[in-house]
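Just below is one structure, and these are the notes that go with it.
In the text below, chain A, chain B and the rest are named by the order of the sequence lines, each starting its count at 1. When reading the values below, keep in mind they use all heavy atoms of this one structure, side chains included, and skip hydrogens, waters and symmetry mates.
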Amino acid sequence: AQKITQTQPGMFVQEKEAVTLDCTYDTSDQSYGLFWYKQPSSGEMIFLIYQGSYDEQNATEGRYSLNFQKARKSANLVISASQLGDSAMYFCAMSPGGYNKLIFGAGTRLAVHP
Amino acid sequence: DAGVTQSPTHLIKTRGQQVTLRCSPKSGHDTVSWYQQALGQGPQFIFQYYEEEERQRGNFPDRFSGHQFPNYSSELNVNALLLGDSALYLCASTLLPSTYNEQFFGPGTRLTVL
């Protein structure tokens, strides 16, 4: 079964510190994509970062990096130098090979404290 | 460059009624996917439209149907509404084929069924 698991319902971090949000996935496909989205209270899903299953380097986008461990089937999001505006829901998602649909996890609510 | 737009923003219906939600994809995109996000959960894939045809479908009953128009905009129709259909409905667009399956999301339509 294809599934995304996010085991942290909520996390909090002090402003300017780094935080890691966990994500594990399950798929039998060899080709797949992994995504992280941010969802503020307004509801819109904002794309943060992408990792392809064949990418050997961990993806980075500004303050976001994806710690991809293929053998462990994990794709953790690392946010460096947290900002108050980072407070939101964060969703890990997978796009199975050959398809365009996204399978989402249950999300992690991140609170950044001053 | 206009992003993904959805209408209406909010909607209140009663059980048994029918509803139509609308989505205009990001400029240049030809594929539209619909997701249902119940409160406190991750989005669930409903279906995807490409070239005016349903390309993929998630585990949703036939009460959920859709349409894509020649200008790539799309509608989601839900018949015989149930209380459990109350959710945020998200539309996402992409361009196929794509290097990776990044989907751009709209702000969503929040449907309340009373």
Side-chain angles (χ1 to χ4, degrees), chain A residues 1-10 21 23-25 27 29 31-55 57 59 61 64 66 68 75 88-109, chain B residues 3-6 8-11 21 23 25-26 29-51 53-60 66 87-112:
Chain A
Q2 295 168 332
K3 186 179 180 181
I4 293 285
T5 301
Q6 294 180 255
T7 57
Q8 305 157 314
L21 306 184
C23 172
T24 58
Y25 60 93
T27 182
D29 293 324
S31 175
Y32 50 89
L34 296 160
F35 300 78
W36 277 91
Y37 283 86
K38 173 184 178 181
Q39 187 177 43
S41 55
S42 60
E44 186 169 354
M45 301 290 281
I46 302 168
F47 167 76
L48 296 178
I49 197 167
Y50 165 84
Q51 179 85 41
S53 58
Y54 293 117
D55 295 340
Q57 301 279 348
E61 290 283 352
Y64 305 107
L66 197 152
F68 181 46
M89 282 292 290
Y90 288 81
F91 289 95
C92 179
M94 174 175 63
S95 178
Y99 298 95
N100 197 241
K101 69 178 183 182
L102 290 172
I103 299 169
F104 285 86
T108 295
R109 181 171 297 281
Chain B
V4 179
T5 60
Q6 292 186 244
T9 305
H10 295 86
L11 203 53
L21 311 182
C23 171
K26 180 179 170 65
H29 284 183
D30 60 1
T31 303
V32 172
S33 300
W34 287 93
Y35 294 82
Q36 179 196 65
Q37 186 178 17
L39 193 63
Q41 299 182 20
Q44 299 289 318
F45 175 76
I46 302 175
F47 44 53
Q48 180 185 84
Y49 276 83
Y50 172 66
E51 292 187 341
E53 292 190 358
E54 184 180 292
R55 184 170 178 264
Q56 298 180 68
R57 189 179 183 91
N59 188 25
F60 279 80
L88 179 67
Y89 288 85
L90 294 164
C91 168
S93 73
T94 191
L95 176 65
L96 293 180
S98 58
T99 304
Y100 62 92
N101 300 325
E102 179 182 347
Q103 298 192 26
F104 291 83
F105 282 82
T109 293
R110 193 166 297 279
L111 172 65
T112 301

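Contact of B/Phe104 with chain A is not made at all, since no heavy-atom distance falls under 4.5 Å. Using a 4.5 Å cut-off between heavy atoms, A/Gln39 touches chain B through its side chain atoms alone. In this structure, no portion of B/Gln6 lies under 4.5 Å from any heavy atom of chain A.
To the nearest 0.5 angstrom, A/Lys101 atom NZ is 12.0 Å from B/Arg57 atom CZ. Rounding to the nearest 0.5 Å gives a distance of 11.0 Å between CZ of B/Phe105 and CZ of A/Phe47. Separating the CG atom in B/Leu90 from the OH atom in A/Tyr37 is a distance of 11.0 Å, to the nearest 0.5 Å.
Of all the heavy atoms in B/Gln37 and A/Phe91, the pair that sits closest is NE2-CZ, 3.4 Å. Minimum interatomic distance between A/Met45 and B/Pro43 (heavy atoms only, all atoms of both residues): CE-CG, 4.1 Å.
Remark: side-chain polar atoms of B/Tyr35 are paired, donor with acceptor, to backbone N or O of A/Leu102 under 3.5 angstrom.
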